[in-house]
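Every number for a ligand or one of its atoms is a count from 1 in the order of the listing. Counting begins at 1 with the first residue of the sequence.
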Amino acid sequence: MEYNTAICRGIPTSLIENGLRLENNHSPIDEALMRRQHDQYTDALKKCGMKVIQLPADETLPDCVFTEDAAVVVGKKAVLTNQGHPARRAEAKEMRKALEQAGVEVFDMTEEPDSHVDGGDVLFTGSEIFIGDSKRSNKAGAEFLRKSFGIPVHQIKVDEGLHLKSNCSMLGLNKIIISNDKDGKSMARGIIAAAENSYTFVFVPDIKASNVVSFNKTVFIPAGYPKSREIIEDNIAKDIEIVELGNTELSKVDGCLTCCSVLINV
Ligand code: CIR
């Protein structure tokens, strides 16, 4: 898909001690490396010609760098989400300003206390949305997206991971990259059963490599997964450039590559 603007946010130091983590994730974060990797991410976006709206870090919101969760954008419309975890809901305040600055129409889910969506659960294919039925996103939230965007929205069960896109993402037009494990296979079955369009699935052996940022003529993939990279190379057009980005540190707080930006075409 084509995009020209990205909303990113600085990393508060509080992420290191107070970032939310899945129970099995305890590795200590190397702060300097984390900051370097995040700078490389925003620099790579700029190098690709994207305008980056950089929101300030907020120490009272440890997970605010993961901007993807605070908004879902489809065309010129954006839903400001009421995130699933209460500790993250106040991220909406700065996100609203950024969406307004970008010039999209904002639909405010935060006014509906029972509706919840994390953007990390939202896979927008260009014509329809698959949304994780997860710890963070619920049926009322899915309904809110359907009403706001006027496109089909299908809930897909997320069993183990944090979000739907912890195991999949768009690799290209109607092409979904997805982890070749129990969770990925079950999500693929759910997507096939619900889908209104047909999709090609590209299965990769590394769960983390199933989350890529594909836009314009570029695909960002996490560094360090050579087998998955080979499969990706075989499944994209020759004129698409692969950019490998280190994401070892933010992944210790369950962050994937898509998490750190909201992509918009304005
Ligand atoms: C959280 O648990 O909310 C953060 N530590 C990680 C959020 C990752 N976001 C994403 O996958 N979109």
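What sits closest to atom 8 (C) of ligand 1 on the protein, heavy atoms only, is Asp254 O, 3.3 Å. Nearest protein heavy-atom contact of atom 10 (C) of ligand 1 is Cys259 SG, 2.7 Å. Annotation: atom 9 (N) of ligand 1 to nearest protein heavy atom, Asp69 OD2, 2.8 Å.
Taking the charged nitrogens against the carboxylate oxygens, Glu112 and Lys147 do have a contact shorter than 4.0 Å, which makes a salt bridge. Salt-bridge annotation for Arg88 and Asp69: present, with a side-chain N of the basic residue lying under 4.0 Å from a carboxylate O of the acidic one.
Of the listed options Leu257, Asp63, Val122, Asp63 places a heavy atom closest to atom 4 (C) of ligand 1. Between the choices His163, Glu91, Arg136, the shortest heavy-atom distance to atom 1 (C) of ligand 1 belongs to Arg136.
Residue Gly120 approaches ligand 1 through these ligand atoms, each under 4.0 Å from one of its heavy atoms: 12 (N). Of all atoms in ligand 1, numbered sequentially from 1 with element shown, those under 4.0 Å from a heavy atom of Glu68 are 10 (C), 12 (N).
Counting only N and O atoms by type, the side chains of Thr13 and Arg35 include a donor and acceptor under 3.5 Å apart. Glu143 and Ser115 share no side-chain donor-acceptor pair at under 3.5 Å. Looking only at atom types and distance, the side chain of Thr258 has a donor-acceptor partner in the side chain of Asn211 under 3.5 Å away.
Contacts of Lys165 with ligand 1, taken as heavy-atom pairs under 4.0 Å, are absent altogether. With a 4.0 Å heavy-atom cut-off, ligand 1 is reached by no atom of Asp118. Of the heavy atoms in Leu20, both backbone and side-chain atoms come closer than 4.0 Å to ligand 1.
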### Message
As a quick check of understanding, evaluate salt bridge (charged side-chain N to carboxylate O under 4.0 Å, His left out) for Asp206 and Lys227, giving each step before the final call.
### Response
CA-CA 8 Å; Asp206 306 292; Lys227 284 198 188 117; over 6 Å; no
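Considering backbone and side-chain N/O atoms, Val253 comes within less than 3.5 Å of an N/O atom of ligand 1.
Legend: residues meeting ring pair (Phe, Tyr, Trp, His ring centres under 6.0 Å) with His38, ordered by chain and number and at least two apart, are absent.
Sequence neighbours left out, not one pair with a member in residues 233-252 passes ring-ring contact (aromatic ring centres under 6.0 Å, His included).
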